[in-house]
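Note that this is a predicted model, so its numbers are computed, not measured. To find a chain, count down the sequence lines: A is the first, B the second, and so on, and within it residues start at 1.
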Protein chains: 2
Amino acid sequence: MANIRDVAKLSGHSISTVSRVINQRGYVAGKTAAEVRQAMKTLNYHRNDLARALSLGKTYRVGVVLPYVNHPYFQKLADAIISAAFANNYQATFLQSNYSPEEEIKFLDMLKHHAFDGLIFTSRAIPFDKLVEYKKYGPITCCEDTFDYPLSSAFTDRRASFVNALQTLKDQGYTKIGMTISRSENTSQSAKLTTEAYREVFGEDIRDELLFRESKTMFDGITAVAQFLNYEPDLQVAFCNGDEIAAGAKRQLKEMNRSDVLVTGQENLPISFLMGFSSIDHRLTEMGEEAFELLFKDEIIKKPIPSRFMRRGKLRDDSDQNQDEIDRILN
Amino acid sequence: MANIRDVAKLSGHSISTVSRVINQRGYVAGKTAAEVRQAMKTLNYHRNDLARALSLGKTYRVGVVLPYVNHPYFQKLADAIISAAFANNYQATFLQSNYSPEEEIKFLDMLKHHAFDGLIFTSRAIPFDKLVEYKKYGPITCCEDTFDYPLSSAFTDRRASFVNALQTLKDQGYTKIGMTISRSENTSQSAKLTTEAYREVFGEDIRDELLFRESKTMFDGITAVAQFLNYEPDLQVAFCNGDEIAAGAKRQLKEMNRSDVLVTGQENLPISFLMGFSSIDHRLTEMGEEAFELLFKDEIIKKPIPSRFMRRGKLRDDSDQNQDEIDRILN
DNA sequence: ATTTGTTGTGGAACTGGTTCCATACGTTAT
DNA sequence: ATAACGTATGGAACCAGTTCCACAACAAAT
């Protein structure tokens, strides 16, 4: 495989001159450039991006840390990051953590080892302190509120989103609510925020029988609904931690002839529209784009993004501006 | 930032020795190793993966070329590839082509430029010849039948899958069928195979009014069904080119009080189960895993993977072994 | 006539690793 | 006694680029 030195030798010019021709930078006479190009063609030369990256100290690659690649929330978010990166001539690589702190440290070490120019954490198991500690090796941004930590972030105020959705439900007379959460309240930030929002709106903790933990797939939605109805036959709402879970719940309710029970999901996936249940739109597309943009800004910027509660079915309110958005999507 | 030479100098040992300590290879005395490690700690040294990659001529990265990152088919396939790569200590990077030949050439050039150790094409716009031409720069595998071309591949015989599904429908008396296809029959391989399969089973071309082209999203499913029913009120089946499209079709049919019309999708996503329509499972997970495995094998291997027609709703046949699979998933 | 600026080119140091080879010493086998 | 081998270490070439700096040649301005 020919390198730049071979091209220099064959063309009879110096390495510097060849480099100038390749990168079209600096002064090169037309005749010289032509000779160099001829030599490149003869030798079938092509630049080695690795050597270039080493020399420049820049990879044009970012790592996207996410717990699961096949989870709709992270999929949507990561897709947005990929697209934004691509539009800026960067490549993005998915780094699946399974919420393992050891894996996350490995990814941070990759940043330290110059494998990436920067890292985006869509979620995490390790504390923010650890991220701050690694910031000296390259920029790191988060897709969640970083509070007082010196880390840039693009995020929706999920607590406010949950409060808003629950308040809407309460205002319309729905008070008997079952909830699913992703992990336990101790390990998952969103689980914690969900139960806190309930407490804020209803002034008391949710009954333990109406809280379904470790909810990940549509089958958990099916199971959760059965559990809720077992303890509370007058159930009015299944408040789910994702659209696929909500879809499972919706299906099970139909099967049990309890389509009177409302279902709400999150992520605003096509399925929520198709099956006609409400969904909290966390604006993952906007979040992903912002997270990438912030990566290469010098200041620490915290970019809150307002979420939307997409009200469908019985919750639908034609005076609601969300409907405009739905109509926009439909056309 | 300290490098290996700095560590060598501070520890009073040679670069070679430091390298041996880092990589735990060759002979190093215990005392020497300790001194080197102490120097590394003092200098806060960490290896530069770029330099290492350059020296080794190996990046431990593969590129995954796919037309759209937010398309369920490619998402599922690409996720499987990512997971397989990760399990083998490789990183995978998504390269979105939008079916643009220029972009695909760019990705092939990245292989040439040593940015990746190999490439996996999940789909493509450029001819196989071009891929073969670039094979000398690194391994390339495909996720579709590569016929007589010297390219490894993991694929399902989609034509056979379509024939099988359509034959099943015909056997059960369903003959009035509308079909959606992703692009036109000229540009899309799967579109071509779909219409060919129809011809094989029914002995004639599908009526143009019952063929809906450029079908990509759930909204296309909605539009397609309306078109089909307009021309053929006795429609019996909407045969869709994806589960989200099928879900759109199913919803529209319900809205039009025509739930008697069967719907079939592809990809076997959760939504197909939840909304109760049949779906062709192209075994994308297995395909992705295989595609990665094949990348680093020396011989050219073509790995056909049998697809499955997941029969649901009125098509459900309890003697069908597919049901075992569904039950397995449910538990 | 001298300074200044533009154009054009090459040398050499720099990015930070890996690895082949030579050398040296101590131990064991012939 | 010496050949053969295992242990331990260092030197230097190698991977393949980028870029600073020096130096010429020539034109235009002072």
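- The minimum heavy-atom distance linking B:P306 with B:T156 is given by the pair C-CG2, 4.4 Å.
- The CD1 atom of B:I4 sits 16 Å away from the C1' atom of C:dC14 (whole-angstrom rounding).
- Between B:I15 and A:S19, the residue whose closest nucleotide on DNA chain D is further toward the 5' end is B:I15.
- Taking the side chain of A:N48 as heavy atoms from C-beta on, and the options C:dT18, D:dA16, C:dG11, the nearest nucleotide is D:dA16.
- Separating the CG atom of B:L56 from the P atom of D:dC15 is a distance of 13 Å, rounded to the nearest angstrom.
- Comparing C:dT9, D:dG17, C:dG16 by their nearest atom to the side chain of A:A29 picks out C:dT9.
- With a 6.0 Å cutoff to the six-membered ring centre and a 45° limit on the axis angle, A:R25 does not count as a cation-pi contact of A:Y27.
- Using a 4.0 Å heavy-atom distance criterion, B:H46 is classed as a sugar-phosphate-only contact.
- Within 4.0 Å of A:G12, counting heavy atoms only, lie sugar-phosphate atoms of the nucleic acid but no base atom.
- The side chain of B:R52 places an N or O atom within less than 4.0 Å of a non-bridging phosphate oxygen (OP1 or OP2) of C:dT18.
- Between A:S55 and C:dT15 there is no side-chain N or O to OP1 or OP2 distance below 4.0 Å.
- For C:dG16, the base has no donor-acceptor partner in the side chain of B:R47 [N/O atoms by modelled type, under 3.5 angstrom].
- Applying the 3.5 Å distance criterion, the base of C:dG8 shares no donor-acceptor pair with the side chain of A:R20.
- Distances shown here put every side-chain N or O of B:S16 at or beyond 4.0 Å from the OP1 or OP2 atom of D:dG10.
- Computed from coordinates, the B:L54 CG to C:dC14 P distance equals 18 Å when rounded to whole Å.
- For the pair B:Y45 and C:dG17, the criterion of a side-chain N or O lying under 4.0 Å from OP1 or OP2 is met.
- The CG atom of B:N23 sits 7 Å away from the P atom of C:dT19 (whole-angstrom rounding).
- At the phosphate of D:dT7, OP1 or OP2 sits under 4.0 Å from a side-chain N or O atom of B:Y27.
- Both tests hold for A:R183 against A:Y99: distance to the six-membered ring centre under 6.0 Å, angle to the ring axis within 45°.
- The side chain of A:R25 sits closest to D:dT19 out of C:dG16, D:dT19, D:dG17.
- The distance between atom CG of B:L50 and atom P of C:dG17, rounded to the nearest whole Å, is 10 Å.
- Side chain of A:D117 to backbone of A:Y60: a donor-acceptor contact under 3.5 angstrom is found.
- Summarising the geometry, the separation between CE on A:M40 and C1' on D:dG17 is reported as 14 Å, rounded to the nearest angstrom.
- Residue B:D49 contributes atom CG, which lies 21 Å from atom P of D:dC15 at whole-angstrom precision.
- At the phosphate of C:dT9, OP1 or OP2 sits under 4.0 Å from a side-chain N or O atom of A:T32.
- Not less than 6.0 angstrom separates the ring centroid of A:F155 from the ring centroid of A:H282.
- No hydrogens or angles considered: nothing links the side chains of A:S152 and A:T141 as a donor-acceptor pair under 3.5 Å.
- In this structure, A:H13 reaches the sugar-phosphate backbone alone: every heavy-atom distance under 4.0 Å involves primed, P, OP1 or OP2 atoms, never a base.
- Atom CD1 in B:I22 sits roughly 10 Å away from atom C1' in C:dT18 (whole-Å rounding).
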